[in-house]
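Keep in mind that this is a model prediction, so the values were computed, not measured. Order of the sequence lines sets the chain letters (A, B, ...), proteins ahead of strands, with each chain counted from 1.
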Amino acid sequence: MNPIKSAKKRSGSGRLRSRSDTITTWAFLTPTFLILCITAFIPLLYSFYLSFHSLKINMPNAQPVFIGLNNFKMMFGDERFATACKNTVFFVVVSVAFEVVLGTMLAMMLSSDTKATRLIVSLCLIPMIMAPVASGTLWRMMLDRSTGVINYFITLLGVEPIAFLADIKYAMGSIIFVDVWRQTPWVTILMASALKGISSSSIEAAVVDGATRLGVFFRVILPLLRPVMIIVLMIRIVDGFKVFDTVFVMTGGGPGMATEMLPNFIYNQGLKYFNTGYSSAMAFVFIFFMSLVSGGFIMLRNKVDRDMG
Amino acid sequence: MKKNYSFSISDTITNFLSRPVRYISLGILLISVLFPLYWLAVSSVKVQLDYLKFPPVFIPTRVTSQNYADIFQKYGAFSGLVNTFVIAMVTAVICVFFGSMAAYAIAKGALSRKLRNVFGLWFMIQKMYPAISTAIPVYVVMRHLGLMDTKAALIIMNVSFNLPLVVWLMIGFFQEVPKEIEQSGEIDGCNMWQRFFLLAVPITKPGLIASAILTLVAAWNEFLFATILSVNRAKTLSVAIAGFISDRGLEWGPMAAMAVLLIIPPTIIVWMLQKNFVAGLAMGSVKE
């Protein structure tokens, strides 16, 4: 049950609240509100302000100069921006698809509660809790063209060594692969805990009715997993758009612009080339787009919640 | 949907995949998880010459601790470790303390239904904001305030990004506290502070631990703001690793040692408190 919905039910109880409770409630909320206002909203507003200005922060005492909508005009005419957007969307769609399909399959295999599965789950936690910078460097080492161990395995199969991270054809695939390696366990754990919550009677009923194994999966298990699946998808997609660390340490966006993602592009524009205004404008468009995505998901989830009763 | 734990269920589900398929897939899974980790560990103790060998050295016969000595002596691993530790700990304490208070106010406090919904939605959306969108203004402001390269700056930003997550998690945990407990507290004349600290906090301890671990791991691994806001004194381990990439691309040994150092502490904590960690993941994402 999501908190928003259950809160609705609770407030129906109509308990009388003392005045001191009201004061305490707001006292409890104040530190969090203050922290978030100062560290999130004010920077966001400042970012909005900067997006209409030109500012080179590497110059001492540089002042923002108002340039109207020029940053936005520049953005929509900027091919690199378009490429970064395309790359990011491609990355998110492909990696999340792999993660959810693989994660669900593995969850089906790991949903029984034996010693072996518990051990496997414990081991699978490592890629997930590992810093993205660490998994990125680890795979960079393994995928290296001349000394990488993966290329050794490939030559055993009689294939020429591949420059995974320096070849336009393979760089994006490598980044996606590392993300899938890191994030699939997360999907697995969530799906496995959801599977444990499915009542066995519905499955047994289907089996008694003569459903095949695949039939049981697609007609019984999958529909019951739908609410969880939507939340998992939502979190993975939203997180996918935030990809930064892995790209930063593995390819730095290269070769060329082959793996340049939106967060990396914004970072480079703002803190490498010091086009602060331009970078802020992109950040703002990015946030706007992400709000649409999140809003869409929240609506979708509420609809599923209603449908499921 | 009520949770219905039964033990025959999992067999019914898993049995529909035939055994060989299951064993082979799990085998592939284990190899793909463990081999890279083994390779990292081995690389961190290999001698220089063994890196370029072909075929690669899978089981090193010569082992050295030179890489670990190097990262502590030359590459500032010690100060990195201290910085990372302090930032992660302080962040976790602040987030859990203030976050659980806010969550309690939203879940059990005297708020109208509408406000509850607005706040719940707000923290959910805030949780999804991409960090990069505030990176540039934060950089400009921190520079003005003279907070560049301080642990304080990194703590502030880590708190900012983990607080919504803790609030969101704890709302769920507090809602599971039975109404009767709250009411009995009220009858006994406890005010809201007492009900929070004496009743709600002890009951939701697993949730508090889960929030603390999730925050700890996130702050320990944080990279974006660490690389923007730290130069030298406040450098964390994640920034130190990335440093190997840009200036010394081929020093795999110290880089692997640094990565091992970065991975081990969160792994130990998560393994020790695995139940809480998994419960936290499930609560944060699958509210049912």
Largest heavy-atom contact set with chain A, pairs under 4.5 Å, which of [options]:
options	result
Val278(B), Leu37(B), Asn191(B), Val141(B)	Leu37(B)
Phe161(B), Tyr104(B), Trp122(B)	Trp122(B)
Val166(B), Val239(B), Leu224(B)	Leu224(B)
Ser32(B), Ala102(B), Pro164(B)	Ala102(B)
Leu163(B), Ile125(B), Val140(B)	Leu163(B)
Trp271(B), Phe196(B), Phe123(B), Trp220(B)	Trp271(B)

Distance col, row Met108(A):CE vs Met105(A):CE, nearest 0.5 angstrom, shows 10.0 Å

Are [X] and [Y] side-chain neighbours, meaning at least one heavy-atom pair lies under 4.5 Å?
X	Y	value
Asp239(A)	Trp186(A)	no
Leu214(B)	Leu281(B)	yes
Phe58(B)	Phe35(B)	yes
Phe97(B)	Pro31(A)	no

With respect to chain B, which residue among [options] yields the maximal number of heavy-atom pairs within a distance under 4.5 Å?
options	answer
Ile23(A), Ile266(A), Ile120(A), Thr137(A)	Thr137(A)
Ile126(A), Thr30(A), Val293(A), Val121(A)	Ile126(A)
Ala134(A), Ser20(A), Pro263(A), Pro127(A)	Pro263(A)
Ser294(A), Gly270(A), Ser146(A), Pro185(A)	Ser294(A)
Thr184(A), Val238(A), Ile129(A), Ile35(A)	Ile129(A)
Leu262(A), Ile189(A), Val149(A), Val220(A)	Val149(A)

Under 3.5 Å: donor-acceptor pair, side chain of Ser47(A), backbone of Pro43(A) | no

Is the distance between the ring centroids of Phe33(A) and Phe119(B) less than 6.0 Å?
-> yes

Measure centre to centre between the rings of Phe286(A) and Phe265(A), then say whether the value is under 6.0 Å.
-> no

Which region of Met258(B), side chain (C-beta onward) or backbone (N, CA, C, O), has a non-hydrogen atom less than 4.5 Å from a non-hydrogen atom of chain A, or is it both or neither?
-> neither

